[in-house]
Amino acid sequence: MASRFAEYPGWRQLGWLPVAGDGLGNFYMLPTQGPLAGYVAFVEAAVDPDEISYVAASNLWSFLRFLFEKELGAKGWPFDSKVVLAADPHLTQVPADLLPWVH
């Protein structure tokens with residue numbers, strides 16, 4: 001985490017904790033303040049490292065479940081709204097423009 005904060009100092013100011021990467025230089029963040037506090041959000045660092053692209057899960061545990069299931073071959077997360085909302089219905093509380101299937 002310290003190396004990521006050194007690379008992207010704005011994240012500390014935004015109250016974002018990097019919890020995972022996608023292997024392509026992008027990151028999943030756990031915002032600790034603001035309206036998305038507690039959710040897990042995806043940030044495309046190459047596009048804008050200080051802007052949330054979409055919300056991937058309503059909490060860290062749901063995110064970890066989605067991530068592990070994807071690693072085991074499950075399909076649907078994060079872009080299939082039916083699959084994602086069936087497993088994480090709290091995402092309906094996120095503004096529509098921050099949901100991955102809207103992009």
Side-chain angles (χ1 to χ4, degrees):
M1 216 178 277
S3 66
R4 294 294 174 220
F5 283 141
E7 188 176 359
Y8 302 105
W11 292 354
R12 186 184 305 265
Q13 295 168 341
L14 291 166
W16 294 356
L17 298 176
V19 295
D22 70 351
L24 301 172
N26 303 305
F27 299 92
Y28 292 95
M29 300 292 178
L30 180 66
T32 62
Q33 58 194 30
L36 295 177
Y39 286 84
V40 175
F42 184 75
V43 173
E44 287 188 81
V47 175
D48 186 345
D50 297 327
E51 182 177 320
I52 291 172
S53 297
Y54 61 83
V55 175
S58 67
N59 59 69
L60 184 59
W61 294 115
S62 292
F63 167 74
L64 291 173
R65 185 186 71 243
F66 282 134
L67 188 64
F68 292 145
E69 288 175 350
K70 184 174 184 176
E71 289 295 316
L72 293 172
K75 306 288 184 210
W77 178 78
F79 299 108
D80 184 326
S81 62
K82 290 181 183 179
V83 170
V84 174
L85 291 176
D88 192 355
H90 296 298
L91 282 175
T92 59
Q93 299 173 18
V94 173
D97 63 328
L98 288 176
L99 295 171
W101 45 85
V102 175
H103 295 269

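Residues: numbered from 1 along the sequence shown.
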Hydrophobic cluster identity match, Leu91 and Phe68, side-chain contacts under 4.5 Å: yes
Residues that Glu7 engages under side chain to side chain donor-acceptor pair (under 3.5 Å), provided they are two or more places apart: Arg4
Asp97: which residues meet the side-chain contact (heavy atoms from CB on, under 4.5 Å) condition with it, sequence neighbours left out? Pro95
If you define the side chain from C-beta out and look only at heavy atoms, does anything of Leu99 sit under 4.5 Å from Val84? no
Once side-chain contact (heavy atoms from CB on, under 4.5 Å) is applied, do any residues pair with Gln93, and if so which ones, sequence neighbours excluded? Tyr39, His90
Exercise answer: donor-acceptor pairs, residues 9-26 side-chain atoms, under 3.5 Å, sequence neighbours excluded:
residue, atom, partner, partner atom, Å
Trp11, NE1, Pro49, O, 2.5
Asp22, OD1, Leu24, N, 2.7
Asp22, OD1, Gly25, N, 3.4
Asp22, OD1, Asn26, N, 3.1
Asp22, OD2, Asn26, ND2, 3.0
Asn26, OD1, Ala45, N, 3.1

If the condition is side-chain contact (heavy atoms from CB on, under 4.5 Å), which residues does Ser53 pass it with, not counting sequence neighbours? Phe42, Glu44
Answer yes or no: does atom CH2 of Trp61 have more than 12 heavy-atom neighbours from other residues, nucleotides or ligands under 6.0 Å? no
Please tabulate, for the side chains in residues 73-81, all donor-acceptor contacts under 3.5 angstrom to protein atoms that are two or more places apart in sequence or on a different chain.
residue, atom, partner, partner atom, Å
Trp77, NE1, Ala56, O, 3.0
Asp80, OD1, Lys82, N, 3.1
Asp80, OD1, Val83, N, 3.3

State which residue, out of Phe63, Tyr54, Phe66, fulfils the ring-ring contact (aromatic ring centres under 6.0 Å, His included) condition with Tyr28. Phe63
For Ser58, does its backbone N or O pair with a side-chain atom of Asp88 as donor and acceptor, under 3.5 Å? yes
Any sub-3.5 Å donor-acceptor pair from Thr92's side-chain atoms to Pro89's backbone N or O? yes
